[in-house]
Amino acid sequence: MSTEVRSGVSPRRPPPMAPMGGLRYGLMLAIVLLGLGLLVGRIVILHVVDRPFLQGQGDARTLRTDPIPAHRGMISDRNGEPLAISTPVVTLWANPQDVPEDPIQRLQLARALGMELDDLDARLERFASREFMFLRRQLTPEAAQRVLDLRIPGVYRQDEYKRYYPAGEVTAQLLGVTNVDDVGQEGLELAYQFYLAGEPGQRRVLKDRRGRLVRDLEVLREARPGGELTLSIDQRLQYMAYRELKAAVAEHDADGGVVVMMDARTGEVLAMANQPSYNPNNRAGLDPRGLRNQAIVDVFEPGSVMKPLAMAAIM
């Protein structure tokens, strides 16, 4: 006969959770609604109240106004033969902060630019704190494209114009020269700077944060080309005068010389040549004496040339 013993104590169960009080529930709901209201209010402020300001800030970082270079006016002789023309060139510039430090890429860039790697590294280091530096000015479009085809980050192009003088040293002092920014510095190029230069235009473009062009948006103002200048000079007579003057200076071992040919009936200057001269298309090793147009800037004492006039006045 078996005996079964049972305990009279039953296990304790956890008390049921009390429902959230009305005060606490209302407080939590108010906090959630307040946060939601602040979020909605902030969105309204950003999209309605501050929209013009924020949109302007965004445009300032992406929209740019780039200049459109103006074509400088041509200078021609009395027969329409060109004496000074402008040809398109490309200037390469870089953002030193974006140019990679990879030695292979820098070596490729230096070779394409015709520079030594050490010189390129030194220039990039000197302008490291800036966002702009020139790499090469006034390259031919073909030479510039060879550099751009390397697709090195931080290297960009800028379209410009360069002055070219077909007659070279024959008309150097008469026409003068322009500087690297296509601004007249001597001769007729300086005297008629405002007439020849024209007026650059403007275009609105979209660029990324690195300054790379994304899309052309619109042309704000078309570039106005410069005026064309026609001289009384006859290029054929100019060549003849310069050739004979150069031969005479060499024959007599003179320091220099001047020839001015004029039409006796109208007073028009048909030729004006100087020695020494220089090549305005390549000014390496330029002799400063060659810059002076002696026929205009130098002072000559009339001497005996005036005696017939004086005698004619007396009689």
Side-chain angles (χ1 to χ4, degrees), residues 56-72 85-164 177-185 197-223 280-286:
Q57 292 296 312
D59 292 343
R61 288 162 174 79
T62 57
L63 292 180
R64 297 287 189 273
T65 301
D66 282 357
I68 302 175
H71 189 275
R72 192 174 180 88
I85 57 178
S86 292
T87 58
V89 292
V90 177
T91 288
L92 296 178
W93 64 277
N95 183 345
Q97 301 177 10
D98 293 339
V99 176
E101 297 183 1
D102 180 24
I104 296 179
Q105 287 185 304
R106 290 200 175 189
L107 179 60
Q108 291 176 335
L109 178 60
R111 287 179 175 176
L113 293 171
M115 301 174 59
E116 295 293 334
L117 179 59
D118 293 339
D119 295 337
L120 178 61
D121 288 338
R123 291 197 62 198
L124 290 172
E125 183 177 356
R126 186 166 71 250
F127 292 94
S129 60
R130 304 183 184 180
E131 297 183 355
F132 179 90
M133 62 170 278
F134 285 117
L135 291 174
R136 273 283 187 257
R137 298 294 304 270
Q138 298 185 343
L139 290 172
T140 63
E142 294 78 12
Q145 192 59 45
R146 287 196 293 269
V147 178
L148 296 172
D149 287 342
L150 298 175
R151 298 187 180 277
I152 296 178
V155 178
Y156 310 101
R157 66 178 290 164
Q158 178 178 324
D159 295 327
E160 295 179 331
Y161 288 100
K162 180 181 179 180
R163 207 64 162 164
Y164 175 70
V177 291
T178 60
N179 61 12
V180 71
D181 294 318
D182 212 22
V183 178
Q185 301 296 300
E199 183 179 350
Q202 288 184 337
R203 62 174 181 170
R204 191 182 300 278
V205 297
L206 184 65
K207 295 185 177 182
D208 62 13
R209 66 183 184 87
R210 295 183 180 273
R212 294 173 296 192
L213 179 65
V214 177
R215 186 171 70 251
D216 276 317
L217 298 179
E218 60 178 331
V219 176
L220 300 178
R221 186 177 68 247
E222 293 284 355
N281 300 311
N282 183 8
R283 296 167 222 172
L286 170 66

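Atoms considered below: every heavy atom in the structure, side chains included; atoms not considered: hydrogens, waters and symmetry mates.
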Apply side chain to side chain contact (heavy atoms under 4.5 Å, CB included) to [X] and list each qualifying residue two or more places apart in sequence or on a separate chain.
{"X": "Val177", "value": "Tyr165, Gln185, Glu186, Tyr278, Pro280, Arg283"}
{"X": "Leu150", "value": "Gln108, Ala112, Ile152"}
{"X": "Glu199", "value": "Arg221, Arg224"}
{"X": "Leu107", "value": "Arg111, Leu117"}

Looking only at heavy atoms, which two atoms of [X] and [Y] are closest? And how far apart?
{"X": "Gln105", "Y": "Pro100", "result": "OE1-CG, 3.0 Å"}
{"X": "Thr87", "Y": "Tyr164", "result": "CG2-CB, 4.5 Å"}
{"X": "Ala128", "Y": "Gln97", "result": "O-CG, 3.4 Å"}
{"X": "Ala70", "Y": "Ala223", "result": "CA-CB, 4.2 Å"}
{"X": "Val99", "Y": "Gly154", "result": "CG2-O, 4.2 Å"}

For residues 130-142, run the donor-acceptor check on the side chains, cut-off 3.5 Å, and write out each pair with its distance to 0.1 Å, sequence neighbours left out.
{"residue": "Arg136", "atom": "NE", "partner": "Leu113", "partner atom": "O", "Å": "3.2"}
{"residue": "Arg136", "atom": "NH2", "partner": "Leu113", "partner atom": "O", "Å": "3.3"}
{"residue": "Arg137", "atom": "NE", "partner": "Thr91", "partner atom": "OG1", "Å": "3.4"}
{"residue": "Arg137", "atom": "NH2", "partner": "Glu160", "partner atom": "OE2", "Å": "3.2"}
{"residue": "Arg137", "atom": "NH2", "partner": "Asp181", "partner atom": "OD1", "Å": "3.0"}
{"residue": "Gln138", "atom": "NE2", "partner": "Val180", "partner atom": "O", "Å": "2.8"}
{"residue": "Thr140", "atom": "OG1", "partner": "Ala143", "partner atom": "N", "Å": "3.3"}

Quiz item: Measuring from Asp118:CG to Arg106:CZ, what's the distance to the nearest 0.5 Å?
Solution: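 Going from the CG atom of Asp118 to the CZ atom of Arg106 covers 11.5 Å.
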Quiz item: Could you give the distance from CD1 (Ile104) to CG (Leu109), rounded to the nearest 0.5 Å?
Solution: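 Nearest 0.5 Å value for the CD1-CG distance: 14.0 Å.
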Quiz item: With respect to Ser86, which candidate in His71, Arg163, Arg72, Lys162 satisfies the side chain to side chain donor-acceptor pair (under 3.5 Å) definition?
Solution: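 Of the listed options, the one satisfying the test is Arg163.
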Practice problem: Applying ring-ring contact (aromatic ring centres under 6.0 Å, His included), name anything that partners Phe127, two or more places apart in sequence or on another chain. | Solution: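 Per chain and number, Phe127 pairs via ring-ring contact (aromatic ring centres under 6.0 Å, His included) with no residue.
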